[in-house]
There are 2 protein chains.
Amino acid sequence: MTTRRDAVHDTLRQSEGFRSAQDVYAEMRNHGAKIGLTTVYRALQALADGGKVDVLRTDDGESVYRACATESHHHHLVCRRCGHTVEVAGPAVERWAEMVGSEHGFTEITHTVEVFGTCSSCSATPAG
Amino acid sequence: MTTRRDAVHDTLRQSEGFRSAQDVYAEMRNHGAKIGLTTVYRALQALADGGKVDVLRTDDGESVYRACATESHHHHLVCRRCGHTVEVAGPAVERWAEMVGSEHGFTEITHTVEVFGTCSSCSATPAG
DNA sequence: GGGGAAAATGAAAATGATTGTCAAAATCCC
DNA sequence: GGGATTTTGACAATCATTTTCATTTTCCCC
């Protein structure tokens, strides 16, 4: 039965930016879906494991998820105000990470890169 | 009274890689220091706020801290096996982040970049 | 040195996201 | 349909981190 998992995935697709598991759960309940928190967590993990959604940690340690347009490796530019997200490919960064790693004798290099900023709509609005 | 905070800082300096608050606390107690967990957390936060130590999140959401050699902006190359850390400056990455951000109309760009890998000593050892 | 305000400390309780448990429900295979 | 297997979800458990709050320490002015 993958209906619940699909429902979770759909909910994520309908969202603009990154959403926490709790968010997704609350939203699904608001829309009348019968689903448990536990299941949302499990679905999100399964989706993340399968590369169907991207995960990152907010500064306060909460995991947030997002259904991505592409399944290939990419990074995110996230608005710290409204959560609006742009996917960016950064070949330059990939090469830099590889280079830095091998320079120091490291192998199996992986990296995390996230860029935060204030998007144009939000910078037009007085700070809150 | 900043003695406790200094003690925490010292403990961090004596460590090779990143340590969690709980680690630092345990180590200080082992060395006979009279200090509470709460104080360790507070000291670590104060140190981090003041740019004296760097913070990052492990994959399981735990905050880890490290006393850095330089106080200027830099990133880390962390061995995923032994925690050995190398500080790397990445002007290329800084520029890339700025560029990507402004390309999309974002302002006040900040970024997180961490590179993980297996260091030469560890790759010489059979995986565990 | 003394007095009192303000900051630091720490033990224990609270918080909050995430995970584990386990029985009930849904699905599958034959 | 029937039983094995998987999925689900309510609730309890976990665990790092924060809060609370009373006690202790430091600081400043006299």
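Remember, predicted model here, so these are calculated numbers, not experimental data. Per chain, numbering begins at 1; letters A, B, ... match sequence-line order.
Protein atom CD of B:Gln45 is 13 Å distant from nucleotide atom P of C:dT9, rounded to whole Å. To the nearest angstrom, P of C:dA8 lies 14 Å from CG of B:Leu47. If you measure from atom CZ of B:Arg57 to atom P of D:dA16, you get 13 Å, rounded to the nearest angstrom. A straight line from CD of A:Gln22 to P of C:dA17 spans 5 Å, rounded to a whole angstrom. Whole-Å rounding puts the B:Leu44 CG to D:dT18 C1' distance at 14 Å. Rounded to whole angstrom, the span from the CG atom of B:Leu37 across to the P atom of C:dG10 amounts to 10 Å. Atom pair A:Lys34:NZ and C:dA24:P shows a separation of 17 Å (rounding to whole Å applied). Going from atom CG of B:Asp60 over to atom C1' of C:dT19 covers 12 Å, rounded to whole Å.
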Verdict with supporting geometry, B:Phe18 and B:His76, ring pair (Phe, Tyr, Trp, His ring centres under 6.0 Å): CA-CA 10 Å; B:Phe18 281 84; B:His76 298 101; 5.0 Å; yes
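The base of D:dA16 has none of its N or O atoms less than 3.5 Å from a complementary donor or acceptor on the side chain of B:Ser20.
Nearest-nucleotide mapping onto DNA chain C: of A:Arg42 and A:Ala21, the residue sitting toward the 5' end is A:Ala21.
For A:Thr38, whose side chain is taken as the heavy atoms from C-beta onward, the closest listed nucleotide among D:dC11, D:dT17, C:dG10 is D:dC11. The side chain of B:Arg4 sits closest to C:dT9 out of C:dT18, C:dT21, C:dT9. Minimum atom distance to the side chain of A:Thr39 is reached by D:dT8, of the listed D:dT8, D:dT17, D:dT19. Side-chain proximity of B:Tyr41 to C:dT21, D:dT17, C:dA11: nearest is D:dT17.
Considering only heavy atoms from C-beta on, B:Phe106 stays 4.5 Å or farther from A:Val115 through its side chain. Under the 4.5 Å side-chain criterion, counting only non-hydrogen atoms from C-beta, B:Val40 is not in contact with B:Thr38.
Looking at B:Glu87 and B:Arg66, a side-chain N of the basic residue comes within less than 4.0 Å of a carboxylate O on the acidic one, giving a salt bridge.
Ring-plane geometry between B:His111 and B:His73 is classed as perpendicular, the angle between the planes exceeding 60 degrees on a 0 to 90 degree scale with a lower cut at 30.
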